[in-house]
Amino acid sequence: MSVHTRVPIDAASMQVPRGQVYTIPNRCKGCNFCIQFCPKEVLEFSEAINNKGYHFPIVRKGKEEQCIHCRFCDLICPELAIFTRELESAPAQGA
Amino acid sequence: MSSGAIVVESHPADTLLRAERLPHILCPGCGIGSVVHTYVDAIAASGIPQDKHVCVSGIGCSGRAAGYVNVDSYHTTHGRSIPFALGIATYRPELHVTVISGDGDLTAIGGNHFIHAARRSVALLVLCINNFNYGMTGGQAGPTTPLSAMSRTTPHGCWERPFNLPFLAQAVGASYVARWTVLHVRQLRAALIHAMNKEGFRFIEILSPCPTGFGRPNDIGDGISEMQNYLRRCVVDNGIDLRQTDIDLTQQDSPIYVGDFVDVDRPSFRPQVVQHAH
């Protein structure tokens, strides 16, 4: 999905923010919007089910450091079941 | 350092919502929840105090929106959300009134109110969540059902020409006209913040997936397939001639034009009789 047509001249000095994913599993209805449209493909469906019987989003194994706090999963979630917060310190790796 | 997702009990936007009513009644894959979420996010970012916002909605799935937002809100009779909102906006001009309603409620049952509120340039922000059918009553064809689309009342395909809502809104005098989809939440958020701080009649059409009413009879599958459709077909063109923005779902690859189409300055409706009353 990531098609970069040009690179900003200050790309080397820019710090990409890092985010932490928070979820409210019992609100989720498994619509898949957050998982499908995460630009860093950080999320996947859980094995477990919530109290309505839906699989909810969890962070994919090995992608724990990849969230860039773009808030897209937060805004697009119809159920308000997921959000991110910016981590103050270290920048994202491999961003 | 950080592990997976941290499980919590509440969302930062819960203060702007009646969180005790969540999860809402809408189907999985429906886009109305995203619109409500983006709307409350825009309220927080608009710079206007929460108690100066008013939300009015009509009947239908999207009419539920007023029941979930934690601002002064009115769930009105079918098609009459704009008359109720007109009363508030005219007599209390310091309030920022938003109408959130569906395509059937706003442009079929309330179609006359819609065109005349726009003609008078009433200070309203109208969000039309267009899901191409009457979802709550079981998927009947409405004024925005595209040609040849299947629905409960058009089993051989819809043969009526649908409304082109941005063109209609521009023709009847809206000061701001935009069309986005539920996929374009960022652009929608920016459009909402911009429109909240404008005068006159502002109209935003939001295309939303309806997997139960529209997706199922049209073989679109679930909400995510409809979103992938928008991702593939939507073309952003802010300066397009609105006569060309019809939505044609008969051809798989015809573009759906989205964008901030019209942005002009028109003073809000302020009748002299109300000015004397204050």
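Proteins come first, then strands; the chains are lettered A, B, ... in the order of their sequence lines, and each starts at number 1.
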B/L17, part contacting chain A, at a heavy-atom distance under 4.5 Å:
side chain
Flag the one option from A/I58, A/N32, A/L43, A/T23 with the top tally of heavy-atom pairs under 4.5 Å to chain B.
A/T23
So for A/K63, is it side chain, backbone, both, or neither that comes closer than 4.5 Å to the heavy atoms of chain B?
neither
Top contributor to chain B interface from A/F56, A/F72, A/Y54, A/F33 [non-hydrogen pairs under 4.5 Å]
A/F33
Distance col, row B/C30:SG vs B/F214:CZ, nearest 0.5 angstrom, shows 14.0 Å
Could you tell me which portion of B/L22 (side chain, backbone, both or neither) has an atom closer than 4.5 angstrom to a non-hydrogen atom of chain A?
side chain
Between B/S81 and the options B/I100, B/V126, B/T76, the side chain to side chain contact (heavy atoms under 4.5 Å, CB included) test singles out B/T76
In plain terms, say whether A/K29 and A/E79 are close enough for a salt bridge, that is, a side-chain N and a carboxylate O under 4.0 Å apart.
yes
Measure the acute angle between the ring planes of B/Y39 and B/H53, then classify it against the limits of 30° and 60° as parallel, tilted or perpendicular.
perpendicular
If you count heavy-atom pairs under 4.5 Å between each of B/D41, B/V36, B/I32 and chain A, which one has the most?
B/D41
Given side chains that start at C-beta, do those of A/M14 and A/P8 come closer than 4.5 Å, heavy atoms only?
no
Highest number of heavy-atom pairs under 4.5 Å with chain B: which of A/V42, A/N26, A/L75, A/T84?
A/L75
Short side-chain donor-acceptor distance under 3.5 Å, B/H194 and B/D260
no
Mark yes when over 12 heavy atoms from residues, nucleotides or ligands other than B/R189 sit less than 6.0 Å from its CZ; otherwise mark no.
yes
Given heavy-atom pairs under 4.5 angstrom as the criterion, report whether the side chain, backbone, both or neither of B/D222 touches chain A.
neither
Examine whether an atom of A/I82 lies under 4.5 Å from a heavy atom of chain B, and if so say whether it belongs to the side chain, the backbone or both; otherwise answer neither.
backbone
Any B/F132 side-chain heavy atom under 4.5 Å of B/N218 side chain
no
Of the backbone (N, CA, C, O) and the side chain (C-beta and beyond), which part of A/R60 lies under 4.5 Å from a heavy atom of chain B, both, or neither?
neither
Between chain A and each of B/V35, B/V182, B/L183, B/L188, count heavy-atom pairs under 4.5 Å; write down the option with the most.
B/L183
Interface check, chain A: of B/G223, B/S10, B/A19, B/A13, most non-hydrogen pairs under 4.5 Å belong to B/S10
